[in-house]
Amino acid sequence: MLEFSEGSYIQRKTLFVEVILPLAISRNYTYRVPFEMNSLVETGKRVVVQFGKSKLYTAIIASITEHAPEKYEAKYIIEVLDDKPVVTERQLKFWHWIAEYYMCNEGEVMNAALPSALKLASETKVMLNRDYEFDRTQLNDKEFLITEALDIQPELTISDIAKLLGQKTVMPILKSLFEKNVINISEEVSERYKPRRKTYLTLNPEYNNPESRKELFTILEKRAPKQADAVLAYMKLSRQQKAVTKNELVEESGAGDSSIKSLIEKEVFIAEERTVSRLGYDENDDIANFTLSNAQQIALQEVQQQLTEKDVVLLHGVTSSGKTQIYIRLIEDAMATGKQVLYLLPEIALTTHIIERLRVYFGTHIGVYHSRFNDNERVEVWRKVLDNEYQVVLGARSSVFLPFHDLGLIIVDEEHETSYKQYDPAPRYNARDAAIYLANLHKGKVLLGSATPAFETYFNARTKKFGLVELAERYGGVQLPLIEVVSIGKETKDKTMQSHFTSVLMLDMEQAIANKEQVILFQNRRGYAPILMCRICAYTPKCINCDVSLTYHKHSGKLHCHYCGYKEDTPSVCPACGSTHLEYKGFGTEKVEDELSMLMPDARLARMDLDTTRSRNSLQTILNNLEEKKIDVLVGTQMVAKGLDFADVTVIGIINADSLLKYPDYRANERSFQMLAQVSGRAGRRGKQGKVVIQTYDPNHRVIKQVIANDYADLYFTEMEERKSFHYPPFYRIINLDVKHKNPEILYNQAEYLANELRKHFGERVIGPEPPLINRIRNYYIKSIMLKFERDTISIVKAKAVIREVITQFQTTKLAKGSIVQPDVDPY
DNA sequence: AGCACGCCGACT
DNA sequence: GTCGGCGTGCTC
C-alpha cells in the first residue's frame, strides 16, 4: 500500500454493477468491476460483458453497489464503452415502467429503445460504409488492418475481428471507426426512405415584363401553338396558386409533356425538383407565415389554459381544422421556456415534406426519428438529443425512447392511430400511453390531437381526467363534406340499383369523374365473396383451423381464411351433398371493383387492400398513381381511411355501411363510428366541396346519425348508460394473453388449459379461448385469451401478479411444452 | 437470445 | 450401434 490519497482509496474498493442485457431474460445480472475501471463506471454507461460461455454483449449499467453477490462468483466487466452515460436515469426508470406495465423484460425494452449500433455484440456484423469516402492515412494500424480485411471480405463479425487483431477488446476500435463513418453496423438492411419528388415550374423572370412576354407569345403562336397554350395555362394557374407543378400544367393546358420539355429547354420555364409530402399539403398552404383563424385562436388559448391545470389535454378537431398550426404555436411556447418537445406522428404521416416545413420553421433544432432511418442516422439523432442539440424531435412510435433531458411537451398527433401500438416483438407498448408516463417523468405536458379520438381518450376527457378542447370548424373556409345517406332497400324496391351501387352514388361518381375529380369507395371486406354456400344443403366451407367461413378470391381462384392464411381449392360440387348449386354470398373489394369495371368501362379503377399491397412497393405505387391522377376510382378496405388526404378526392362512397355497423368486435359501435367518421373526413379539401354517400339498409341507424352530426358524446355516453353490460373499455380493464405455437391443434389445447388455470383465480372474467379463431404471424399460430375486469374490482398490479404466477406454473407444466405465452396489456 | 445437455426416431 | 431432431434449463 504505497499511496494513501483519496483517489487511490476509491480505486481499492470493489464495485459491482447490475446491468441490463439486451436479451429476453427475466433478471438483471451482476458483474464485478476491475479496480482500474472503478472511476469509469456510471449508471447509464454501456459496458461490454461476457454472458454465457462465449458471447459478448453490450449491456447498460442499471446500478452500482459495493455488495458482492453471495450465491455466485461475478464475472468481470470487459470494458466500459462510454465517457458519459448514453442512457439517462430517467430513461432507465421509463424502461422499468414499460417492462412492468407491458409485462416484459427490461432487456426487451432495451432492444426496442437503443439503436442497434449502440449495442454491438460478438455476432454483430460489420461492413465498410460505402456512402462515405474516408482517408485511410488518418487511421491507426489496427483500424487500417480492419478496413483492409473488409476490402477482401465485405462482412466480418466482431469475433472475426477479435481473432484478426489477436485481442479481446475490439469495441473501442470499432466505436471509433463507426464514429469516423468508416464502417456500418449491419442490421437487416432496411430500405432507405425515398422522398417523393415533384417538378415545379417557374416562368423565367426575363418574361416578367409585358413586352418580352408579348414577344414570346408571337413567336410561340406561330411556331408552336401548343407551347403558347402551356404558357397561358401557366399564367392562369400561377394567379390561382403560389407554385405550379409540371403535372398540373400538363393537365390544365392540354399540352403534351414534350411541349413543356422544350419550353424548359428554351429556358422559358425554370424547372426545379422538390420533395413533396404524401399528405394533402403542398406549396400552396403556407406554414411558415400563417395566422390562426378565430376558431384556432380560441382553441389555442383554451389548450394553453387547460394545460396549466391538466397534464393531458385532448384537442378534438375535425379533419382539416388546422391542428398543426396550433401545435406549432404550442411548440414555440415550450421552446421559449428552453424545454424539449416531442412531436409524435404515426409512421405513415411522417414525410419529408412535413419535416422540411417544420425545419423551415424551427431551423436546425429539429430532429427526426424514423423506422426507415438507417442506424447511423438513428445514432446521430440519439446523440444530438442527448447533447441537447435538438430541441424538437419529430418521430414515430419509437422516438419515445430517445434520451430527453427536459421534455416540456409531447404532442401525439392522430392519437387514435393503432400504429402507436407495437404488437409483434415485446415490448407491446402503446407510444401514446407511454408518452403520458414519459411526460410525467419530466413533469411535462401532453397534447393528444385527433379528429376521431379513441374511445378511451374521449372517455378520459369527458370524465375530466384529461382536458378537452373542441375545434369544430375547418380551416381556411374549407367546407365540411355533405353527407347523404341512401337506402339500399328503397333503391332495390325502386329497381334503381346497379349491382352494389345506388343511383345516387353512380351519379356522384360520374359527375366527379367528369370534373376530373377522384372517388374513393370503401368496402370493409377484401376478397370476392366472404361466403360460399350450397343452395341445396346450406353447406359452407370453413377453415380447418379457425372455424370461420372461407372467403372466395377470384384472383387466385381459391378459398382463403382471413385469420390464419389457410387456402384451399374452390370445390365445384358441394362436398357434403354433391350438388353443383354453389352460391357466393356477400361481396368484398374484389367484387366491387369487378362490377364497377363493367358499369364504368372507361373509368380507371384501382384496388387497395391487403391483397394488392402485400408486395414491397405496391402501396407506394397505388398512392403515386392516385396522386398523379392516374386513378379515377379507388376501391379499398380500412386502408383508404388511414392518414392520407388527396386534394382531388371529392366523393367518398361507403358501399355498405351495415357490414360496419355490425362490426364483429366487442367495441363495435365505437369502431364503426370511427371508421365511418375517418372515411368521411377524407372527402373534399382545398376549396372543393366533398361529398360522402353512405349506402345502407338501415338509414336510421344511430351510429350513422351520429356520424352526420360528428357527435361523439352522444354515441359514447348514451351507449354506456343504456348498455352497461356491453364490453366497453372504460368499464373494463382488459389483459390479453397470447399463446403461440407452430401446431394449431396443440395451440388450442394449451390455450384452453391456460384459460382454465386462469379461471381458477379469476372465474368468469376470463374470456376465451372461444370462438376458435387463430391468427397466424410468421410461422406461429397465435390465440388470445382475454381477461376482462370490471373497473375497480381488481387492481391491475394484483391481476398482473397473479397472471405472472400462473404463466410461470403454466410454462413448467408438461402440457405447456413448446408454447410461448406473451402477455399484452391493454391499460384501459 | 444463444448454447449445452438430454432424450427419442431413422440411418451408415 | 450413432446422428440429429427439438424440448428444457441456464447464463452473473
Side-chain angles (χ1 to χ4, degrees), chain A residues 14-34 37-38 41 43 45-81 92 95 99 102-125 157-160 162 168 185-188 422 424-428 739-747 749-750 753-754 777-781 804 807-822:
Chain A
T14 305
L15 297 181
F16 293 87
V17 287
E18 207 173 83
V19 300
I20 302 172
L21 283 153
L23 299 170
I25 42 174
S26 53
R27 281 174 294 121
N28 288 340
Y29 283 68
T30 308
Y31 284 83
R32 188 186 176 115
V33 183
M37 292 184 200
N38 276 6
V41 291
T43 313
K45 280 186 182 177
R46 289 175 303 152
V47 288
V48 177
V49 293
Q50 188 182 51
F51 184 70
K53 270 242 143 138
S54 59
K55 286 277 174 288
L56 299 183
Y57 290 97
T58 303
I60 297 281
I61 302 177
S63 63
I64 302 170
T65 77
E66 282 177 48
H67 300 291
E70 283 161 20
K71 300 198 169 144
Y72 53 88
E73 194 69 27
K75 279 185 185 162
Y76 280 103
I77 286 175
I78 293 172
E79 49 187 303
V80 178
L81 285 176
L92 291 174
W95 290 8
Y102 293 102
M103 297 176 96
C104 68
N105 312 120
E106 282 184 69
E108 290 172 306
V109 183
M110 172 180 170
N111 257 335
L114 273 191
S116 42
L118 290 178
K119 39 179 201 222
L120 307 178
S122 41
E123 294 312 303
T124 310
K125 289 198 180 81
T157 67
I158 289 181
S159 13
D160 292 340
K168 215 175 173 186
I185 310 299
S186 95
E187 264 307 282
E188 55 309 346
Q422 169 156 316
D424 197 8
R428 294 166 169 74
V739 188
K740 283 202 201 176
H741 202 277
K742 288 180 206 164
N743 179 338
E745 220 162 298
I746 297 179
L747 170 76
N749 284 335
Q750 298 196 347
Y753 180 82
L754 179 62
I777 300 177
R778 311 252 162 92
N779 285 320
Y780 284 94
Y781 290 89
R804 252 190 217 114
I807 291 172
T808 319
Q809 282 171 18
F810 179 71
Q811 282 174 333
T812 54
T813 324
K814 283 222 164 131
L815 238 178
K817 256 182 200 170
S819 84
I820 311 157
V821 181
Q822 294 187 310

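In the text below, chain A, chain B and the rest are named by the order of the sequence lines, each starting its count at 1.
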Between [atom1] on residue [X] and [atom2] on residue [Y], distance to nearest 0.5 Å:
X: A/Asn105; Y: A/Asn111; atom1: CG; atom2: CG; answer: 10.5 Å
X: A/Ile20; Y: A/Glu106; atom1: CD1; atom2: CD; answer: 4.5 Å
X: A/Ile64; Y: A/Leu15; atom1: CD1; atom2: CG; answer: 7.0 Å
X: A/Leu118; Y: A/Leu81; atom1: CG; atom2: CG; answer: 9.5 Å

Any donor-acceptor pair under 3.5 Å between the side chain of A/Tyr31 and the base of C/dC12?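 No pair found.
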Please report, rounded to the nearest Å, how far the [atom2] atom of [N] is from the [atom1] atom of [X].
X: A/Asn111; N: B/dA1; atom1: CG; atom2: C1'; value: 9 Å
X: A/Tyr57; N: B/dC3; atom1: OH; atom2: P; value: 7 Å
X: A/Lys55; N: B/dA4; atom1: NZ; atom2: P; value: 9 Å
X: A/Leu56; N: B/dG2; atom1: CG; atom2: C1'; value: 13 Å
X: A/Leu23; N: C/dG9; atom1: CG; atom2: P; value: 19 Å
X: A/Asn28; N: C/dT11; atom1: CG; atom2: P; value: 15 Å
X: A/Leu21; N: C/dC10; atom1: CG; atom2: C1'; value: 13 Å
X: A/Lys53; N: C/dC12; atom1: NZ; atom2: P; value: 11 Å

Describe the nucleic acid contact of A/Arg27 in one word from base, sugar-phosphate, nothing, applying a heavy-atom distance below 4.0 Å.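 Base contact.
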OP1 or OP2 of C/dC10 versus the side-chain N and O atoms of A/Tyr29: is any pair under 4.0 Å?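 No, because none of the side-chain N or O atoms of A/Tyr29 sits under 4.0 Å from OP1 or OP2 of C/dC10.
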Under-4.0 Å side-chain N/O to phosphate OP1/OP2 contact, A/Lys75 with C/dC12: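 For C/dC12, OP1/OP2 do have a side-chain N/O of A/Lys75 under 4.0 Å.
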